[in-house]
Chemist: 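This is the structure I have questions about; it appears just below.
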Amino acid sequence: MMNYWLIKSEPDAFSWQEQIQNNIEPWTGIRNHQAKKNLQSMKNGDLAFFYHSNVGKEIVGIVRIVKEAYPDPTDPDQKWSCVDVQTVCSVPTPVTLKQIKAIPELQEVSLIKQSRLSVMPITPEHWKLLCNLGGITQADIKK
DNA sequence: GCCAACGTTGGC
DNA sequence: GCCAACGTTGGC
């Protein structure tokens, strides 16, 4: 059973362009219990939207989980977790927060309901809808 | 265990 | 720069 997620990054700190260049990236630095719980629920092969917070405020790409939760090396106490994500594809037409807020079917997404959460699940229905909005096809996300 | 004070995230 | 919505800290 495939799960879908959304992860946030401030492009000033780590942008989609850098993700593309690095290809595989350890998703470190998460210091929130709910976000940690979500990281630990991720399975290899799960897909996640890559969202630019603060600057852009739009879904710009899709990544795949390629290494399940392990201790975050940037945490001295090793009590926080991280996963590895791999670049899958860019979103041809980035989906903006403004767009999402304007669509009645998307009012329940955590991006809106819990605006401070940085790692969140996305339902399959919302995933499909957001892919359509972004111009993503099934072929784009098949390896 | 409560809660006031403080810090952070992130949209506007 | 402001502030709403959290999360954390520390005194009691």
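Proteins come first, then strands; the chains are lettered A, B, ... in the order of their sequence lines, and each starts at number 1.
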Chemist: Go through DNA chain B in 5' to 3' direction and return only the first and the last nucleotide with some atom under 4.0 Å of chain A's heavy atoms.
Modeler: B:dG7 to B:dC12

Chemist: What pairs with A:Q34 under side-chain hydrogen bond (donor to acceptor under 3.5 Å, both in side chains), at least two apart in sequence or on another chain?
Modeler: A:Q114

Chemist: How would you label the contact of A:K101 with the nucleic acid (heavy atoms, under 4.0 Å): base, sugar-phosphate, or nothing?
Modeler: sugar-phosphate

Chemist: For A:E58, enumerate each residue passing the side-chain hydrogen bond (donor to acceptor under 3.5 Å, both in side chains) test, keeping only those at least two apart in sequence or located in another chain.
Modeler: none

Chemist: For A:T87, give me all partners under side chain to side chain contact (heavy atoms under 4.5 Å, CB included), at least two apart in sequence or on another chain.
Modeler: A:W16, A:Q19, A:I20, A:N23

Chemist: List, by chain and then residue number, the residues other than A:I24 in its hydrophobic cluster (Ile/Leu/Val/Met/Phe/Trp/Tyr, side-chain heavy atoms under 4.5 Å); write none if there are no others.
Modeler: A:V66

Chemist: For A:T93, check side chain to side chain contact (heavy atoms under 4.5 Å, CB included) against everything at least two apart and list the hits.
Modeler: none

